[in-house]
Number of protein chains: 2
Amino acid sequence: MEARPFTPMVQKLRTAGLRPTRQRMSLAKLLFDAGDRHVTAEQLHHEATAARVRVSLATVYNTLHQFTTAGLLREVVVQPGRSYFDTNTTDHHHFFIEANGHLEDIPGDSVAWARLPEPPKGTRIERVEVIVRVTRD
Amino acid sequence: MEARPFTPMVQKLRTAGLRPTRQRMSLAKLLFDAGDRHVTAEQLHHEATAARVRVSLATVYNTLHQFTTAGLLREVVVQPGRSYFDTNTTDHHHFFIEANGHLEDIPGDSVAWARLPEPPKGTRIERVEVIVRVTRD
DNA sequence: GCTCTATTTAGAGTTTTTCTAATCTGTTGA
DNA sequence: TCAACAGATTAGAAAAACTCTAAATAGAGC
Ligand SMILES: [Mn+2]
Ligand SMILES: [Mn+2]
Ligand SMILES: [Zn+2]
Ligand SMILES: [Zn+2]
């Protein structure tokens with residue numbers, strides 16, 4: 001049985017110019033092996049600790065930002081003083097349940113515009129983000 | 001010439017159950033006498049200082065939150081670790097120019113949906129927020 | 001004016017995130 | 001195989017934004 005030295009995640013990291021270290025591989029596993037997720041740095045750090053992965057909070061922050069820059073994650077800001085990192089990097093939007101701070105994906109094609117304004121002079125649209133704030137009734 | 005003891009702003013504050021103190025009146029003047037604005041607490045505190053209005057940063061935060069609760073302001077979150085307070089409380093959206101952290105209003109009727117998803121079971125839509133992120137080209 | 005309560009404030013505290021600089025580790029290639 | 005080097009990790013300090021506490025101050029009603 002031959003060894004398989006290049007798993008897909010190792011490839012992804014190398015492509016992004018990031019060494020596949022123990023810490024980055026463990027965090028990638030936690031992030032990407034469980035479907036679409038929205039996590040904060042602290043949450044991920046707790047998960048790592050619970051999974052007996054020793055990694056510092058500084059490394060969790062570094063890794064989340066490096067993954068975001070590499071396009072493996074997307075940062076979502078909906079609450080003052082708290083960043084979520086989204087493993088779904090496709091074009092999509094969010095429900096935000098203010099009561100418990102949960103984000104839920106809205107597929108990109110579930111939203112369609114009948115009218116959108118022109119961007120200000122000298123600028124171009126980077127991304128249109130829709131946040132649907134909902135409350136429990 | 002008769003005195004005019006009840007200016008509209010005094011009325012607004014009283015209606016909100018807030019005493020029209022020197023600090024609140026001064027901040028209200030800075031906020032509402034200059035058209036639609038998007039300010040952070042620190043910005044407003046600097047403006048007050050520049051205008052020789054002595055007010056603590058704690059009071060600026062208290063006042064911004066009280067005004068928001070009273071419906072005189074709206075809080076806008078587009079950047080990690082920083083809240084904007086918006087003097088435009090009508091139904092509208094925002095351009096966000098990431099380069100310099102500026103917000104620009106999009107009138108509510110400049111955006112129209114052809115399709116919007118149903119909210120998750122057991123919730124109802126509170127508000128739909130559109131943030132159009134733009135870059136200088 | 002007196003009294004009562006709301007408000008303000010300085011300064012300490014909290015929370016989230018970033019920085020620093022020392023140590024460690026993955027990679028390369030001799 | 002291993003030395004050398006650059007990249008990565010880390011603990012702990014620091015920064016940034018915001019909140020809290022408790023003492024002082026000031027509107028409001030009488
Ligand atoms: Mn967090
Ligand atoms: Mn600020
Ligand atoms: Zn998402
Ligand atoms: Zn606005």
Side-chain angles (χ1 to χ4, degrees), chain A residues 3 5-7 9-28 30 38-49 52-70 72-73 75-85 101, chain B residues 3 5-7 9-28 30 38-49 52-70 72-73 75-85 101:
Chain A
F6 297 108
T7 67
M9 185 46 63
V10 171
Q11 284 296 20
K12 265 203 215 178
L13 294 185
R14 286 208 197 289
T15 302
L18 300 170
R19 289 185 183 170
T21 62
R22 175 181 64 76
Q23 289 87 341
R24 294 208 268 236
M25 291 302 290
S26 299
L27 294 175
L30 290 170
H38 305 95
V39 291
T40 66
E42 223 172 329
Q43 267 170 35
L44 184 59
H45 187 238
H46 283 139
E47 283 183 26
T49 302
R52 296 288 185 288
V53 174
R54 267 241 272 329
V55 57
S56 72
L57 183 58
T59 294
V60 172
Y61 273 104
N62 289 340
T63 301
L64 287 172
H65 288 142
Q66 290 154 354
F67 283 10
T68 301
T69 300
L72 304 175
L73 290 176
E75 190 171 357
V76 181
V77 184
V78 283
Q79 251 186 344
R82 159 170 267 86
S83 270
Y84 290 88
F85 291 87
Chain B
F6 295 111
T7 67
M9 184 47 62
V10 171
Q11 285 295 18
K12 265 203 214 176
L13 295 185
R14 284 208 198 290
T15 302
L18 300 170
R19 288 185 183 171
T21 63
R22 177 180 64 76
Q23 290 87 342
R24 293 207 268 238
M25 290 302 289
S26 299
L27 294 175
L30 290 170
H38 305 94
V39 292
T40 66
E42 223 173 331
Q43 268 169 37
L44 184 59
H45 186 237
H46 283 139
E47 282 184 26
T49 302
R52 298 287 186 290
V53 174
R54 269 241 270 331
V55 58
S56 72
L57 184 58
T59 294
V60 171
Y61 274 105
N62 289 342
T63 302
L64 287 172
H65 288 142
Q66 290 155 353
F67 283 11
T68 301
T69 301
L72 303 176
L73 289 176
E75 190 171 358
V76 181
V77 184
V78 285
Q79 251 186 342
R82 157 171 267 86
S83 270
Y84 289 88
F85 291 87

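Small disclaimer: the values here were computed from a predicted structure and weren't measured. Chain A is the first sequence line, chain B the second, and so forth, proteins listed ahead of strands; every chain is numbered from 1.
Rounding to whole angstrom units, CG of residue Leu18(B) and C1' of dT8(C) are separated by 14 Å. To the nearest angstrom, P of dG26(C) lies 13 Å from CG of Leu13(A). One interatomic measurement links the two molecules: CG of Leu44(B) to P of dA17(D), which rounds to 15 Å at whole-angstrom precision. The CZ-P distance, from Arg82(B) to dT19(D), rounds to 14 Å in whole Å. Across the protein-nucleic acid pair, Glu75(B) atom CD and dA17(D) atom P stand 14 Å apart, rounded to whole Å. Between the CE atom of Met25(A) and the P atom of dT25(C) there is a distance of 17 Å, given to the nearest Å. Spacing between atom CD of Gln66(B) and atom C1' of dT19(D) amounts to 13 Å, rounded to whole angstrom units. In this structure, Glu42(A) atom CD and dT17(C) atom C1' are separated by 10 Å, rounded to whole Å.
Among the protein residues, His45(B) comes within range of no part of the nucleic acid, since none of its heavy atoms lies under 4.0 Å from any strand. Contact annotation for Leu57(B): no contact, since no heavy-atom pair falls under 4.0 Å across all strands.
Listed pair Thr59(B) / dT9(C) meets the phosphate criterion, a side-chain N or O lying under 4.0 Å from OP1 or OP2. A sub-4.0 Å separation between OP1 or OP2 of dC18(D) and a side-chain N or O of Ser83(B) is present. Note on His65(B): every side-chain N or O is 4.0 Å or more away from OP1 and OP2 of dC18(D).
At least one donor-acceptor pair closer than 3.5 Å links the side chain of Arg22(B) to the backbone N or O of Arg54(B). Counting only distance, with no hydrogens or angles, the side chain of Arg24(A) and the backbone of Arg19(A) share a donor-acceptor pair below 3.5 Å. Between the side chain of His45(A) and the backbone N or O of Thr40(A) there is no donor-acceptor pair closer than 3.5 Å. The closest donor-acceptor contact from the side chain of Tyr84(B) to the backbone of Gln79(B) lies at 3.5 Å or more, if one exists at all.
Across all their heavy atoms, Thr59(B) and Leu27(B) have their closest contact at O-CD1, 4.5 Å. Between Ser26(A) and Val53(A), the closest heavy-atom pair is CB-CG1, 3.5 Å. Considering all non-hydrogen atoms of both residues, Val77(A) and Ser83(A) come closest at CG2-OG, 4.2 Å.
Of the candidate nucleotides dT16(C), dA17(D), dT9(C), dA17(D) has the atom nearest to the side chain of Tyr61(B). Side chain of Arg24(B), nearest nucleotide from dA8(D), dT10(D), dT8(C): dT8(C).
Nearest-nucleotide positions on DNA chain C place Thr63(B) closer to the 5' end than the other of Thr63(B) and Pro80(B).
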For nucleotides 24-30 of chain D, give me every protein contact, N/O to N/O, under 3.5 Å, one pair per line with atom names.
unit_1	atom_1	unit_2	atom_2	d
dG27(D)	N3	Arg19(B)	NH1	3.3
dA28(D)	OP1	Arg14(B)	NH1	2.8
dA28(D)	OP1	Arg14(B)	NH2	3.3

